[in-house]
Amino acid sequence: MSRLIIVSNRVAPISEGGPAAGGLAVGVYDALKETGGMWFGWSGDVLSSGQPQIKVEERGPVTFATIALMRRDYDQYYRGFSNATLWPAFHYRADLLHYDRHDFEGYCRVNAWLAQQLVPLLREEDVIWVHDYHLIPFAQALRAAGVKNRIGFFLHIPFPASQVLLAVPPHRELVEALCSFDLLGFQTAPDLRAFCDYIVNEANGTVDASSGGPLAIHAFGHTLHAAAYPIGVYPDEIAELAKAGERGKPVRTMKATLHSRKLIMSVDRLDYSKGLVERFRAFERLLEHATAQRNKVSFLQIAPPTRADLHAYQDIRLQLEGESGRINGRFAELDWTPILYIHKQYERSVLAALFRTAHVGYVTPLRDGMNLVAKEYVSAQDPENPGVLVLSRFAGAAQELDGALIVNPVDIDGMADALARALDMPLAERQARHRDMMAQLRENNVSVWRDNFMRDLQSASGATRTRGGRARAASGKKTAREVLVS
Ligand code: GDG
């Protein structure tokens, strides 16, 4: 069996390799344990001087290989191009996009350098699975170093529509780099379609859907494959975790402060893509219009800090602090604070137990690749008395979770209406919606995501290495538009 090599910007701290960590870490770590393999990436350390050295640690069948970044590399590759250019653009926030040519050079330089660090650790039979937007040029860099192994890529965030991607100056270089992978995985069909649209309309490539499996893409002299692989969770493990925590102290404390009021709950990294300001305003609108809900419902927003050294993240923090203070000032009573806004991280087991307590899971990103919180909230519910998920149509999860109340996150009145409906939804309807969503989550759990991707990568037959792809686009070739309607 081939050895699996996972490459991601950050390697999950080893103590997080168990079930205590999030979906991606658990799913990937499980695959590594089954096949044996290596997880390679940045350690999270930033050096001001010296020379980063790879640290290799063995944990059973899994090798963790991590390396620090130099300060300039961190600034250009991570803070700069990855998080100030790609992240906003791929989340349709061209207004927040900051571009600096030197950052892009740094991004390519760090990808090439990381690839060179990995090369001596590789064996001939290894299959390499690269994760996320920080590492788009990674396969190109490995190929330049002579690596012939199969290399797949999974994008955890949305792939934007061409007109938005065109706002990133080196858009062509990025898509060309993506075409050096053997297999590309996207979260949803709309992301895949957006990629195909760029290939056909901006790169003069072709898309061949005739195999019935992953699409065959011919562009920039490469042939590669691409498909949607929606990431999942382990719903039954989350349900167990939630149930176990039900009588724990955090839940008892929360229930005591609620005094039998209903609870609306959200958990997000504090990121402008998560639609937090609009969400707060829709809760305000609920209190404004549905006056019977005043003093009958509280809203808990847990928002751990992230990328706090970027201006856009400092701005969103200030904005939220202002909004929560304003709304609480407007509606609070001596015995009731409408919004409980917490800017820190909690243990996974505590979150799961709190989800089970919440009557409404309020998940309304402006854009999100998938959004695991939506899936975790549903998983954590008591099937006898489940809560209701209010979900943005722009979260990838909305493509699968039909049982949610689907909202447009900029429609403040629409979201307030959905909250009111969720709070008053009859038990039988809540149960039916929950049953449907749990069936979906079980069928597409994180093992299925991983196994489907690995199966297609194993059979992708290293086609990228066959040049002259365009000539191979045979009958059955479809344009992205045809793929879109098929
Ligand atoms: C990216 C894409 C895609 C959050 N707060 C705490 C905590 N979390 C956990 C959640 C969940 C994870 O972090 C967040 O995952 P999301 O999917 O919601 O969002 P991103 O971080 O933006 O993830 C996203 C994902 O990759 C996977 O492909 O779905 O679209 O943007 O698991 O529960 N965990 C703990 N304490 C917290 O306070 N322990």
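Scope of the values below: all heavy atoms of this structure, side chains included, with no hydrogens, waters or symmetry mates. Note that ligands are numbered from 1 as they come in the structure, with each ligand's atoms numbered from 1 the same way. For the single chain, residues carry numbers from 1 onward in sequence order.
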Query raised in the report: Could you go step by step and tell me if L366 and Y272 meet the side-chain contact (heavy atoms from CB on, under 4.5 Å) rule?
Result: CA-CA 8 Å; L366 299 172; Y272 51 78; over 6 Å; no
Report task. With the side chain counted from C-beta on, respond yes when Y107 and F104 share a heavy-atom pair under 4.5 Å apart, and no when they do not. Result -> yes
Query raised in the report: Between the side chains of Y234 and S379, is a donor N or O closer than 3.5 angstrom to an acceptor N or O?
Result: no
Report summary line: Contact region, L372 to ligand 1, non-hydrogen atoms below 4.0 Å, reads both
Query raised in the report: Hey, looking at atom 19 (O) of ligand 1, which of M370, H156, K274, Q187 has the closest heavy atom?
Result: K274
Report task. Name the option, out of R367, Q345, R269, that contains the heavy atom nearest to atom 21 (O) of ligand 1. Result -> R269
Query raised in the report: Below 3.5 angstrom, do we get any N/O pair linking N371 and ligand 1?
Result: yes
**Report entry** Donor-acceptor side-chain pairing of Q301 and R279 below 3.5 angstrom
**Finding:** yes
Query raised in the report: Considering only heavy atoms of W87, which atoms of ligand 1 have at least one such atom less than 4.0 Å away?
Result: 31 (O)
Requested in this report: Check ligand 1 against G369 and write out every atom of the ligand that is under 4.0 Å from a heavy-atom position of the residue.
Outcome: 30 (O)
Report task. For residues D132 and N9, determine if any side-chain heavy atom of one lies less than 4.5 Å from a side-chain heavy atom of the other. Result -> no
Query raised in the report: N328 and I339: which non-hydrogen atoms are nearest, and at how many Å?
Result: OD1-N, 2.8 Å
Report summary line: Counting from 1 in the order shown, the ligand 1 atoms closer than 4.0 Å to a non-hydrogen atom of V267 are 4 (C), 5 (N)
Query raised in the report: Does the side chain of P190 reach to within under 4.5 Å of the side chain of F394, using non-hydrogen atoms?
Result: no
Report task. Can you figure out which of W449, F355, Y346 has its heavy atom closest to atom 37 (C) of ligand 1? Result -> Y346
**Report entry** I231: numbered ligand 1 atoms lying under 4.0 Å from its heavy atoms
**Finding:** 28 (O)
Report task. Show which atoms of ligand 1 fall inside a sub-4.0 Å distance from at least one heavy-atom site of V373. Result -> 10 (C), 18 (O)
Requested in this report: State whether the shortest distance between N or O atoms of E376 and N or O atoms of ligand 1 falls below 3.5 angstrom.
Outcome: yes
Query - Contact partition for L351 relative to ligand 1, non-hydrogen atoms under 4.0 Å - result: side chain
Query - Centroid-centroid under 6.0 Å between F195 and F186 rings - result: yes
